[in-house]
Structures are given as structure tokens and as C-alpha cells.
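To keep things clear, I will list the structure first and then write my remarks on it.
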Number of protein chains: 2
Amino acid sequence: MIQEEGHVKIRDLSEKFEVSEMTIHRDLKLLMEQGLVKKIFGGVQLQEVSNKIQQKQCTYCHKPISNEGKLTYQLILSANRIERTCCAHCGILRHKQLGEVVLQALCHDFMTNTTISATTAWFVMDTSLQMGCCEPQVLTFGNKDHAEKFVKGFDGTVLRFEEAAERVTEAMQAGCCSKQK
Amino acid sequence: MIQEEGHVKIRDLSEKFEVSEMTIHRDLKLLMEQGLVKKIFGGVQLQEVSNKIQQKQCTYCHKPISNEGKLTYQLILSANRIERTCCAHCGILRHKQLGEVVLQALCHDFMTNTTISATTAWFVMDTSLQMGCCEPQVLTFGNKDHAEKFVKGFDGTVLRFEEAAERVTEAMQAGCCSKQK
DNA sequence: TCAAAATATAACATTTTATAACAACAGTAT
DNA sequence: ATACTGTTGTTATAAAATGTTATATTTTGA
């Protein structure tokens with residue numbers, strides 16, 4: 001009913017389900033706590049999702065970002081701002097672009113998906129494993145050992161942040177992000 | 001009745017089978033422990049209502065499942081039910097436990113995270129990379145080539161579904177899921 | 001700005017449902 | 001037959017949900 005009408009009165013729900021209004025109030029409280037609806041004086045309405053935090057697009061290439069995205073790269077900026085990019089490729093470019101405004105940069109270990117600091121991470125480029133996000137592809141590892149073992153099987157080069165940044169920036173001259181998806 | 005309606009009252013079952021409600025409670029308790037149904041106050045309903053929201057616990061070891069969890073294993077069952085386990089280890093065990101009720105089993109390629117069919121996937125065990133989920137650890141690959149390249153760097157054995165199932169089932173005798181987290 | 005009406009909340013009473021403990025019963029092996 | 005086992009029903013008690021009432025809050029309209 002709420003979804004169809006957008007707004008329903010407590011009394012209508014009470015009559016519809018043949019229970020007291022008190023029960024409706026109590027049940028709606030649960031839905032409110034789940035953030036699904038919003039109670040206003042005299043009724044309920046659908047909660048607006050607009051104020052949700054999720055950033056759904058890559059700040060750099062504007063490609064949609066999936067929720068699971070282990071490739072994502074996050075930039076913590078001054079003034080409580082946060083930016084998210086689809087992968088380390090765009091993350092590094094944006095990072096360099098913003099400069100000192102970046103307080104921290106986070107990415108994920110490609111193997112374990114644990115969150116790590118980008119500046120101390122190990123980056124793998126030129127590997128045979130194509131994740132299909134952006135070119136040139138950059139994979140992130142929290143652990144040098146993991147990065148090297150990965151390269152053993154899938155080829156590629158292990159780099160530090162600055163090295164990777166340089167490589168990507170160079171490649172940027174000739175155009176970068178794939179448009180796919 | 002539960003599968004048809006999705007939800008049934010204890011009283012209805014009691015009248016239908018001409019036994020006391022106490023007996024229904026007791027019998028349902030067994031089905032609950034098997035994870036087939038869920039008791040709510042005043043009735044029973046199917047455990048996982050089709051396409052509905054996320055299941056937050058591993059059906060097998062009851063460990064919380066993170067949303068990103070690329071290790072997760074999903075079982076599509078009859079009557080629109082879906083089960084989710086924390087990793088292939090629990091997934092395979094549950095898969096074998098349920099038998100024919102399983103219509104399909106899904107997991108993810110460890111590298112690309114693309115969704116693949118478990119029965120045709122490639123499984124890697126005894127590798128040096130510890131993901132810290134369950135023991136013995138089982139990683140899933142959609143691509144034989146990826147699995148072999150992975151093993152090149154991180155060691156381990158590449159197996160087909162039945163082989164992996166056998167290996168895990170054997171290890172199960174001596175206790176299985178890690179209790180962590 | 002105020003009072004009246006409408007709606008919401010809190011506290012308590014009532015009803016419904018669940019659980020635990022026990023007793024009765026049937027089947028089985030000794 | 002006797003003791004044992006497992007299932008079921010009964011009862012008393014606990015827990016949860018709902019309803020009722022009194023009181024607080026918000027809205028409305030003058």
C-alpha cells in the first residue's frame with residue numbers, strides 16, 4: 001500500500017488489517033528503524049533514499065561502481081569529503097590530480113580484499129589477468145609476497161605507489177578509461 | 001503446505017494432521033535445525049523467501065557473511081529457496097547434505113569475481129594463500145587456466161567438483177569449520 | 001495566539017502463542 | 001513379564017503480541 005500510494009494513513013492500515021492503530025504504530029516503528037518508511041503526523045510515507053551515502057559512480061571516469069567492487073579506490077579528503085573510483089587506475093589519477101587535499105587513500109588487497117593504505121600498497125601492472133575495468137590495469141596488494149606470487153603465475157610487474165602513478169600518468173596522455181559497462 | 005503458501009499457522013498444521021500443536025512445534029524444530037523453515041511467532045515460513053534480501057549467516061557454519069564476500073557459495077533449491085554459505089568449504093558440504101533438492105550451485109571466480117556454476121568450476125586446495133574462512137580452504141575458479149596460474153605462484157592442487165567434495169568430506173570427519181569471527 | 005480536534009505515545013491489561021516439565025502410551029529388546 | 005526407548009498429549013508457566021486507557025504532542029482554524 002505504501003509503495004503504491006507513496007503515502008498511507010495509519011487508520012487505513014488499521015482498518016485494512018483489522019488491528020488496532022497502536023499495532024500499526026508498533027509495526028511501522030520496525031520499518032522505520034530499518035529505514036524503509038518514514039512516519040509523518042497522521043500517516044506513513046516511503047523513505048527517500050536520496051540522502052544515502054553510497055556513491056555509485058567513479059569520480060574519475062563516471063563508470064557505475066558495483067557494491068562488491070574489490071577494485072575500488074577511496075580518497076578521504078579534507079572537510080569530511082569522500083570520493084570513490086572504480087579501480088586503482090582512476091584512483092591514482094584522481095589522487096594525483098587532487099594533490100594535498102587527499103588525506104588518505106584506501107584500496108583493497110586483490111587476494112584477501114582487506115582494506116589497505118594505497119600509499120604503502122604494492123601495485124601490479126602489465127599482467128595477463130584482465131579484470132576489464134580500466135586500461136592500463138592496476139591491481140593492488142597489501143603484501144609484497146602476494147604480489148610477487150601473483151606475478152609468478154599471471155605475469156606482470158610489481159611497483160610502489162609512485163612508480164605506478166608515473167606509469168599510469170604517462171599512459172594517460174593517450175587516453176585511458178575504458179567505457180565499458 | 002509451507003511451500004505452497006509460503007507461510008502457515010501452527011494451528012492449521014495441527015488441525016490438518018490431527019495432532020497437538022506441541023507435536024507440530026517439535027517437528028518444526030527439526031526442520032528449523034536443518035535450516036529448511038523459519039518459525040515466527042504464530043507460524044512457520046520458508047527459510048529463504050526467493051529473491052528477497054541478503055542472507056547474513058552461513059547456512060552451514062552460521063558465521064556472518066560479508067556483503068562483498070567473493071568466497072560465498074549459493075545454493076538454488078526447489079520452492080524458490082536460496083541458501084548462502086560463507087565459502088566453498090561450507091557450500092560443498094551443504095550441497096552434498098541437501099542432495100537432489102539443489103537445483104543449481106553458484107560461486108565466484110576467485111580472480112575476476114564473476115559468477116560461475118559450482119559443478120563446472122575448478123577448485124584449488126592446499127594453497128599457501130590463507131583467506132582465513134574455513135578449513136580446509138577451497139578456492140573457486142571459473143577458468144582452468146586461472147586456477148593453474150594461481151597454483152604456479154601460490155601452490156596447491158587443482159580439482160574438479162567431485163574431487164573437491166570428496167576431499168572436504170573426508171576432512172570433515174575430524175571437525176571442520178574454524179570458529180573464528 | 002489560543003483552544004479544540006486529531007494524532008501519537010506510554011503504561012498497563014488482556015489475549016495469543018511458545019516452552020518446559022511431566023505423565024501416558026506403544027514398541028522393542030532382554 | 002520387565003525395563004528401556006521414543007513419541008505424543010497435558011498442564012503450568014513464560015514470552016510475545018495486541019488492545020485499552022490516559023496523557024502528551026501536533027495540527028488546525030478562528
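None of these values were measured; they are calculated from a predicted model. Per chain, numbering begins at 1; letters A, B, ... match sequence-line order.
Atom-to-atom, CE of A/Met32 to P of C/dT9 comes out at 8 Å; the value is rounded to the nearest Å. Between B/Leu28 atom CG and D/dT8 atom P there is a gap of 12 Å when expressed in whole angstrom units. Going from atom NZ of B/Lys29 over to atom C1' of D/dT7 covers 14 Å, rounded to whole Å. The separation between A/Gln45 atom CD and C/dT7 atom P is 16 Å, rounded to whole Å. Rounded to whole Å, the distance from NZ on A/Lys9 to C1' on C/dA5 is 14 Å.
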Show each protein N/O and nucleotides 13-16 of chain D N/O combination with a separation under 3.5 Å, one pair to a line.
none

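A/Ser14 and A/Lys9 share no side-chain donor-acceptor pair at under 3.5 Å. Side-chain atoms of A/His89 and A/Tyr73 form no donor-acceptor pair, as typed in the model, at a separation below 3.5 Å.
Between B/Arg167 and B/Asp126 there is a salt bridge, since a side-chain N of the basic residue sits under 4.0 Å from a carboxylate O of the acidic one. A salt bridge does not link B/Lys96 to B/Glu166: none of the charged side-chain nitrogens sits closer than 4.0 Å to a carboxylate oxygen.
B/Phe141 and B/Phe123 have their aromatic ring centers separated by at least 6.0 angstrom.
A heavy atom closer than 4.0 Å to some atom of DNA chain C occurs in B/Met22, B/His25, these being the qualifying members of residues 18-27 of chain B.
Looking at heavy-atom distances under 4.0 Å, A/Ile40 makes contact with sugar-phosphate atoms alone, never a base.
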